Amino acid sequence: MKETTQTMLSIPEKGRPWADLKAELEAAKKDDFKWREGRMALYFYYLNEEVTRVQQEAYCAYWTENAMGQRAFPSMRKLEGEVLQMGLSLHHAPDGAAATFTSGGSESIFLALKTARDWARETKGIERPNIVIPRTGHPTFDRAAQHLGIRVIRVPTTRNDFRADPDEMAKRIDGDTIMLLGSAPNYPFGVFDPVEAIAALAQARGLWMHVDACVGGFLAPFVRELGQEIPPFDFAVPGVTSISADLHKYGYAPKGASMMMLRDAALQRFQTFEFRDWERGAYASSTAQGTRAGGAVAAAWAVMNFLGRDGYVHWARVIMDTVDRLCAGIGAIPGLTVLEPHELCIFVYRSVDPALDIGAVAEAMGARGWFVGRQAEPPGIHMHLNPVHAETADMYLADLRDAVEEVRATRATAGEPAGRTY
Ligand SMILES: Cc1ncc(COP(=O)(O)O)c(C=O)c1O
């Protein structure tokens, strides 16, 4: 075993008063970025204090109920059922569809892959499965595939618009392929894959088609209501088998909330884990969890009912107006350009001037108190907007103009982003 010179912390001999601990927790955050202040464009989703209070109070109302134990907590079954119904109808699910409340996008995607794998094994005898996905697909597909013994074949997107290329995907399908993917939208560039074309390909080849709408699932339908063209991406598209959509992103639920939806509830038998071979009797779970946080379900239910369609449309407008305002401002700074296309809440900008190092701009923005998401390919700055950024957009643009001037004046360079860029 590795020697350690540090004394490992033990649970304290005696407890301490909550007032002290509370103060310590608050003080512990002092160096963390203040997401409420809109100085970061990743990792969080924030509307306002009113919605935060709804999240917190609803969560606390069910803070320790176990959503797994629905025999004991029938109210959990009702609340969860209503959340799932609202999500399914938003995604044009047909009669006979089913959905599962999960802890996040990664669990939803894990369950989609697991269900597809077991379906393909039983119905087609595929023992060494692979999935064919665009290169822009979220890394969590590879993580899930690694756990599940599935090979991932990532296919380059089209050069001009960062969209999945169905012709190239078709070339990579073989006898062991079980699933195709389209993102709605993808995370690196914020563009929608051509879901209709990929789903048609999946239907023609008898494959499972998953749509990753973790980002767009609870935003794109409302942006469409604003009149913006959003390509079809949900169960309205024939051939879409499953969809992941995150409540804890633009559903504005607190963290620990997503949905995995299936066009056909009959497929759920490939998803559900059942076990009897122990003394305690039958155990069954349709998620990757056992005990599940009841608070996450109650809070998602409360926020959906609090905002209503009107609320979601209102905040979608705020986000899209802010995207327009920021993109216009960034595009007006000599040497910077916003990558096109981008279709929702995500965009990337980069330098088109060899004398202006975008990494150095990112660092100069960091020095001005902004938490910056660095894009690796092409080198750039990745923005993932929340409603709160409407309040900070002008400040961001002023600091960006200043940062660019500083980088030009000092000829600073920063090179590749160090370590994790996400
Ligand atoms: C497109 C997409 N899919 C999946 C995920 C994974 O979701 P989570 O972080 O909730 O597990 C993300 C997270 O950002 C995402 O952007």
Side-chain angles (χ1 to χ4, degrees), residues 41-42 131-139 141-142 152-173 180-202 204 209-216 219-220 223-224 226-234 237 239-240 319-320 323-354 356-359 361-362 373-385 416-417 421-422:
L42 71 158
I131 60 173
V132 175
I133 73 172
R135 182 150 187 268
T136 44
H138 195 274
F141 283 90
D142 282 69
V152 181
I153 300 170
R154 284 187 176 253
V155 181
T157 52
T158 52
R159 218 164 271 150
N160 299 336
D161 59 12
F162 321 116
R163 292 183 210 283
D165 185 336
D167 292 340
E168 287 304 311
M169 289 174 76
K171 289 182 198 159
R172 304 297 301 276
I173 295 171
L180 304 181
L181 163 72
S183 301
N186 65 41
Y187 191 73
F189 300 104
V191 303
F192 285 77
D193 286 328
V195 167
E196 283 179 306
I198 303 171
L201 177 62
M209 166 75 190
H210 182 76
V211 173
D212 180 6
C214 281
V215 168
L219 177 60
V223 172
R224 190 182 275 144
L226 296 174
Q228 183 174 320
E229 190 131 347
I230 295 289
F233 70 90
D234 60 20
V237 179
V240 170
I319 291 172
M320 297 314 291
V323 169
D324 288 349
R325 200 146 52 94
L326 278 169
C327 288
I330 293 166
I333 299 175
L336 294 183
T337 192
V338 176
L339 294 188
E340 298 287 347
H342 55 87
E343 288 164 322
L344 215 56
C345 47
I346 289 173
F347 67 88
V348 174
Y349 64 94
R350 69 186 183 100
S351 165
V352 282
D353 177 352
L356 181 66
D357 184 282
I358 196 70
V361 174
R374 293 277 304 270
Q375 181 89 349
E377 299 174 33
I381 292 178
H382 186 270
M383 302 287 285
H384 184 178
L385 295 197
E416 292 297 308
T421 61
Y422 176 60

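For clarity, every value in this text was computed on a predicted model and none was experimentally measured.
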Would you check, one step at a time, whether the test side chain to side chain contact (heavy atoms under 4.5 Å, CB included) holds for His342 with Val323? CA-CA 10 Å; His342 55 87; Val323 169; 3.7 Å; yes
Over 60° means perpendicular and under 30° means parallel, so classify the ring planes of His382 and Tyr187, tilted if in between.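 Ring orientation of Tyr187 relative to His382: tilted.
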With sequence neighbours left out, what residues match Phe233 under ring-ring contact (aromatic ring centres under 6.0 Å, His included)?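 Partners of Phe233 by the ring-ring contact (aromatic ring centres under 6.0 Å, His included) criterion, ordered by chain and then number, come out as Phe192.
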Can Met209 and Val195 be said to form a side chain to side chain contact (heavy atoms under 4.5 Å, CB included), step by step? CA-CA 9 Å; Met209 166 75 190; Val195 167; 4.1 Å; yes
Counting N and O atoms only, with roles assigned by atom type, does the side chain of [X] sit under 3.5 Å from a partner on the main chain of [Y], one being a donor and the other an acceptor?
X	Y	answer
Glu196	Pro231	no
Thr136	Pro188	no
Arg154	Gly137	yes

With rounding to the nearest 0.5 angstrom, report the OG1 to CZ distance, Thr157 to Phe189.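 Here the interatomic distance stands at 6.5 Å.
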Just how far is it from atom CE of Met320 to atom CG of Leu344, taken to the nearest 0.5 Å?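 Taking CE in Met320 and CG in Leu344, the distance rounds to 5.5 Å.
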Looking only at non-hydrogen atoms, find the nearest pair between [X] and [Y] and report the distance.
X	Y	value
His138	Asp212	CB-OD2, 4.1 Å
Arg224	Pro232	NH2-CA, 3.8 Å
Ile198	Ala164	CD1-CB, 3.8 Å
Val152	Phe141	CG2-O, 4.1 Å
Pro134	Leu181	CD-O, 3.3 Å

Please lay out, stage by stage, how Asn160 and Thr158 fare under the test side chain to side chain contact (heavy atoms under 4.5 Å, CB included). CA-CA 6 Å; Asn160 299 336; Thr158 52; 5.5 Å; no
Check whether any side-chain heavy atom of [X] lies under 4.5 Å from a side-chain heavy atom of [Y], and answer yes or no.
X	Y	result
Val223	Ile319	no
Cys345	His384	yes
Glu343	Pro185	no

Using 4.0 Å as the upper bound for N to carboxylate O, is an ion pair formed by Glu168 and Arg135?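 Not counted as a salt bridge, because no side-chain N and carboxylate O are separated by less than 4.0 Å.
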